[in-house]
K.L.:
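If you scroll down you'll find the structure; I have some questions about it.
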Amino acid sequence: MSPLKKITLVTILVSFYMFSSCVSSTEFEVGGDDGWIVPQSNTTHGDVFNQWASHNRFKVGDTVRFKYKKDSVLVVSSEDEYKKCKTTKPHFYSNNEDTVFKLDRPGFFYFISGVSGHCEKGQKMIIKVMEPEESTPDSPSPSSPSSFSSSPPSLPASTHNKSNALKTTVQFSSFGFVFFAIIAVSVFGWV
């Protein structure tokens, strides 16, 4: 390969690295080593899974893995269904003992066990998925009056707690790949 082509290739690779956006996602194992189980009776108010979730920061694209035996995982649509352990019309249902659920939007996800009596004993969890970070020039600064609200400030989505994460993956966006392919074809005449 000629020195000019080497320099061009290095320039393309550096440009690709600098201008392509990266998407990272983390897979969390629900409940850590214990998994998705009925909480013990001595657990404070059966909130063990919500305590676990509160120690993690979830963002769009992350996944949660439920490991369990002779049980199930349901996603219900509202806090009311969650509180009442209502299993009649879930948005999602799985009972394969190793369920991976993708958090595909910001907001709240309500998980409950579908086995009779388990949810009432505390086998349920709320996960809050953070809003994507926005870095636009017209975003209000932290000190501006319009940024104050009655709700507590949220932590940025990038503050993941990796201790309960099985794996983190990083992928180049499709835009970055297409950009690289167009440049490579035009420079090297690959077809």
K.L.:
Using side-chain heavy atoms (C-beta onward) and a distance below 4.5 Å, is Asp71 in contact with Gln123?
P.N.:
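In contact.
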K.L.:
Taking the side chain as every heavy atom from C-beta outward, state whether Lys59 and Pro132 have any atom pair closer than 4.5 Å.
P.N.:
no
K.L.:
CD1/Ile126 to NZ/Lys83 distance, rounded to the nearest 0.5 angstrom?
P.N.:
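Rounded to the nearest 0.5 Å, the CD1-NZ separation comes out at 7.5 Å.
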K.L.:
Between atom CZ of Arg57 and atom CD1 of Ile127, what is the distance when rounded to the nearest 0.5 Å?
P.N.:
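Reported to 0.5 Å precision, the distance equals 12.0 Å.
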K.L.:
Would you name the heavy atoms of Ser72 and Asn95 that are closest together and state the gap between them?
P.N.:
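Of all heavy-atom pairs spanning Ser72 and Asn95, the closest is CB-CB, 3.9 Å.
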K.L.:
Pair up each side-chain donor or acceptor in residues 103-111 with any protein partner under 3.5 Å, not counting sequence neighbours, and list the distances.
P.N.:
residue	atom	partner	partner atom	Å
Arg105	NH1	Phe108	O	3.4
Arg105	NH2	Phe108	O	3.2

K.L.:
Any chance you could measure Ser78, atom OG, to Lys84, atom NZ, to the nearest 0.5 Å?
P.N.:
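So the OG of Ser78 and the NZ of Lys84 are separated by 8.5 Å.
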K.L.:
Closest heavy-atom contact between Tyr82 and Val76?
P.N.:
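Minimum heavy-atom contact is N-CG2, 3.8 Å.
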K.L.:
Passes side-chain hydrogen bond (donor to acceptor under 3.5 Å, both in side chains), Tyr68 versus Thr99? Steps please.
P.N.:
CA-CA 9 Å; Tyr68 49 91; Thr99 301; 2.6 Å; yes
K.L.:
Can you name the nearest heavy-atom pair linking Thr63 to Lys102, along with the distance?
P.N.:
CG2-CA, 3.8 Å
K.L.:
Under a 4.5 Å side-chain heavy-atom rule over Ile, Leu, Val, Met, Phe, Trp and Tyr, are Val48 and Val115 clustered together?
P.N.:
no
K.L.:
Atom NZ in Lys86, atom OG in Ser77: separation rounded to 0.5 Å?
P.N.:
8.5 Å
K.L.:
Please work out which of the three classes, parallel, tilted or perpendicular, describes the rings of Trp36 and Phe66, given edges at 30° and 60°.
P.N.:
perpendicular
K.L.:
Does the side chain of Pro39 reach to within under 4.5 Å of the side chain of Phe49, using non-hydrogen atoms?
P.N.:
yes
K.L.:
Could you grab the distance from atom CG of Asn96 to atom NZ of Lys67, nearest 0.5 Å is fine?
P.N.:
11.5 Å
K.L.:
Which atom names give the shortest non-hydrogen contact between Val60 and Met130, and what distance separates them?
P.N.:
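Where Val60 meets Met130 most closely, the heavy atoms are CG2-O, 4.2 Å.
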K.L.:
Kindly indicate whether the side chain of Asp62, heavy atoms from C-beta on, has any atom under 4.5 Å from the side chain of Val129.
P.N.:
no
K.L.:
Between atom CG of Asn56 and atom NZ of Lys128, what is the distance when rounded to the nearest 0.5 Å?
P.N.:
14.5 Å
